[in-house]
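I have placed the structure first, in the form of structure tokens, so that the comments after it can refer back to it.
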Amino acid sequence: MAAGLVVRRRHPLVCVTVVLAALLGQSLLGVLANEQVVVIPIVIVALYSAAAHLPPAPALGALAAAVAVVAVAVTVAGPGGPDRVSDYGFGLVLVAAPWIAGRIVRRRRLAEEGAVAGAAVRARQAAEEERQRIARELHDIVSHGLSAMIVQSSAAAELVDRSPDAAKRAMEQVQATGVAAMQDMRHILGLIRAHAPGDRQPQPDLEDLSELIERERAAGLPVSLTFRGGPRDLPRGVGLSIYRIVQESLTNVRRHADASVCEVVITYAAAAVTVEVVNDGAPGTAVGDGGFGIIGMRERVRLYDGTLEAGPDAARGGWVVRATIPLEDPRDDG
């Protein structure tokens with residue numbers, strides 16, 4: 001009987017079948033019930049394993065078989081007399097208790113596995129929805145760039161005879177606009193563009209950050225905006241990503257962090273632009289939405305091979321979101 005427990009996890013039905021068959025066999029061979037007390041732990045473990053690892057139908061079958069075997073064992077090998085009724089009751093408890101415990105454990109385990117799987121699915125859905133939204137926004141940016149190129153090239157065609165210098169400047173602007181649109185187009189490749197709503201507003205850019213900060217201040221969030229380094233002309237897609245990162249970070253601070261000070265810092269460097277959103281709220285309270293806001297920001301910076309950090313700020317205390325996006329030299333695409 002004990003040998004059957006070796007496979008109780010991998011083959012619980014085999015285990016409980018071996019144990020019950022042995023119990024029935026020794027009872028039919030005349031082994032008295034009081035001499036079989038030593039095997040009670042084996043029966044308990046076998047029934048628990050069957051209930052914890054088998055689907056409902058086989059588990060119920062194991063329970064019914066156990067009840068029948070114990071009833072036969074008590075009838076054949078029991079002491080008889082007035083104690084038989086109590087022996088039947090003890091046998092029923094011996095069978096039912098581990099079986100119920102096993103089913104409870106199985107239900108909890110399946111619920112935990114379902115919760116983990118559901119969280120993974122929701123995270124994938126959030127990432128996919130964010131990628132689709134980014135694709136729509138970049139589509140608008142590239143479309144705007146192409147429209148500007150058409151207007152500028154038309155103006156150059158009209159000026160080429162009358163004012164060659166003005167025509168040259170217009171064509172240089174066409175080139176710069178085309179390079180920026182090409183950079184954004186590289187990042188949109190591979191993303192699936194979902195059906196966009198019919199009524200859409202122009203996408204925000206880095207220049208719109210001041211207005212965003214003012215709205216947050218009006219809503220009661222004490223936030224400041226600081227620019228460091230020499231300002232640079234950023235591709236519209238990069239500017240949009242920075243705006244969205246700041247917007248999401250401030251939303252999380254306002255909703256989930258009891259912050260008295262919040263600072264947004266944009267730092268321009270030769271090869272990258274960095275955005276930091278720092279607040280003095282309690283660490284770990286400024287993520288919100290089960291972390292899906294962080295997922296969206298991470299998807300945005302990943303489009304440009306950037307990095308995102310979100311966590312406690314060891315130097316200043318509180319919480320910090322820091323995104324770094326590398327910048328390409330437009331001449332590399334010429």
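Bear in mind the structure is a predicted one, so any value in this text is a computation, not a measurement. We count residues from 1, following the sequence as given.
- Note on Leu23: it does not cluster hydrophobically with Val18, by side-chain heavy-atom contacts below 4.5 Å among ILVMFWY residues.
- The two residues Gln247 and Arg244 have their closest heavy-atom pair at OE1-NH1, 2.9 Å.
- At a threshold of 4.5 Å between non-hydrogen side-chain atoms, the residues Ser260 and Asp280 count as touching.
- Of the listed residues (Ile44, Val43, Ile42), just one forms a side-chain contact (heavy atoms from CB on, under 4.5 Å) with Ile40, and that residue is Ile44.
- A distance of 10.0 Å separates OH in Tyr48 from CD1 in Ile104, rounded to the nearest 0.5 Å.
- One finds the CD atom of Glu207 at 10.0 Å from the CG atom of Leu234 (value rounded to the nearest 0.5 Å).
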Could you walk me through whether Trp99 and Leu60 pass the side chain to side chain contact (heavy atoms under 4.5 Å, CB included) check? CA-CA 9 Å; Trp99 189 88; Leu60 285 173; 3.7 Å; yes
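- Once rounded to the nearest 0.5 Å, the distance linking CG of Asn279 with CH2 of Trp319 reads 9.5 Å.
- Here the closest non-hydrogen pair linking Arg103 and Ala59 is NH1-CB, 3.4 Å.
- A continuous path of ILVMFWY side-chain contacts below 4.5 Å connects Phe227 to Ile242, so both sit in one hydrophobic cluster.
- One finds the CG atom of Leu63 at 11.5 Å from the CG atom of Leu54 (value rounded to the nearest 0.5 Å).
- Hydrophobic cluster membership is shared by Tyr304 and Val246, with clusters built from Ile, Leu, Val, Met, Phe, Trp and Tyr side chains linked at under 4.5 angstrom.
- Under a hydrophobic-cluster definition in which Ile, Leu, Val, Met, Phe, Trp and Tyr are linked whenever side-chain heavy atoms come within less than 4.5 Å, directly or via other members, Met1 and Leu28 are assigned to the same cluster.
- Note that CD1 of Ile266 and OH of Tyr243 are 12.5 Å apart. Values are rounded to the nearest 0.5 Å.
- Without hydrogens or angle criteria, Arg232 side chain to Ala270 main chain gives a donor-acceptor distance under 3.5 Å.
- For the atom pair CG of Asp313 and CD of Glu276, the computed distance is 8.0 Å after rounding to the nearest 0.5 Å.
- Of the options Val70, Val95, Val69, a side-chain contact (heavy atoms from CB on, under 4.5 Å) to Leu20 is made by Val69 and by none of the others.
- With hydrophobic clusters built from ILVMFWY side chains whose heavy atoms lie under 4.5 angstrom apart, Val67 shares a cluster with Leu13.
- At a threshold of 4.5 Å between non-hydrogen side-chain atoms, the residues Arg162 and Leu159 count as touching.
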Decide salt bridge (Lys or Arg N to Asp or Glu O under 4.0 Å) for Arg217 and Glu214; before the verdict, give the C-alpha distance in whole Å, the side-chain angles of both, and the deciding distance to 0.1 Å. CA-CA 5 Å; Arg217 288 173 181 165; Glu214 290 300 326; 2.7 Å; yes
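- Taking a cutoff of 4.0 Å between a charged side-chain nitrogen and a carboxylate oxygen, Arg302 and Glu299 qualify as a salt bridge.
- In terms of heavy-atom proximity, Ala50 sits nearest to Pro12 at CA-CB, 4.0 Å.
- Side-chain atoms of Leu5 and Cys15, non-hydrogen and from C-beta on, do get closer than 4.5 Å to each other.
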Can Val39 and Gln26 be said to form a side chain to side chain contact (heavy atoms under 4.5 Å, CB included), step by step? CA-CA 11 Å; Val39 303; Gln26 65 188 14; 4.0 Å; yes
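- Side-chain atoms of Ser49 and Arg8 include a donor-acceptor pair closer than 3.5 Å.
- The shortest heavy-atom contact between Pro98 and Val93 is CD-O, 4.0 Å.
- The shortest side-chain heavy-atom distance between Glu248 and Val277 does not fall under the 4.5 Å cut-off.
- Inter-residue side-chain proximity for Val321 and Met297 is flagged as met; some heavy-atom pair is nearer than 4.5 Å.
- Scanning for salt bridge (Lys or Arg N to Asp or Glu O under 4.0 Å) contacts around Glu216 gives Arg254, with sequence neighbours left out.
- Nearest heavy-atom pair, Ser27 versus Val76, reported as atom, atom and distance to 0.1 Å: O-CG1, 3.4 Å.
- For the residue pair Tyr268 and Thr274, no side-chain donor N or O sits within less than 3.5 Å of a side-chain acceptor on the partner.
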Side chain to side chain contact (heavy atoms under 4.5 Å, CB included) between Leu225 and Ser210: does it pass, once the steps are laid out? CA-CA 7 Å; Leu225 175 63; Ser210 297; 4.0 Å; yes
Show your reasoning for whether side chain to side chain contact (heavy atoms under 4.5 Å, CB included) applies to Leu308 and Arg322. CA-CA 6 Å; Leu308 179 79; Arg322 182 181 297 108; over 6 Å; no
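- When each of Ile325, Thr324, Leu206, Thr267 is paired with Val273, the side-chain contact (heavy atoms from CB on, under 4.5 Å) condition holds for Ile325 and for no other.
- With contacts defined as side-chain heavy-atom distances shorter than 4.5 Å, the pair Val265/Arg228 qualifies.
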Stepwise salt bridge (Lys or Arg N to Asp or Glu O under 4.0 Å) test for Arg109 and Glu112: CA-CA 5 Å; Arg109 184 178 68 249; Glu112 292 175 357; over 6 Å; no
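- Under the side-chain contact (heavy atoms from CB on, under 4.5 Å) test applied with Val264, the options Leu250, Leu212, Ile245, Thr226 reduce to a single match, Leu250.
- Across every non-hydrogen atom of Ala62 and Leu47, the tightest pair is O-CD2, 4.2 Å.
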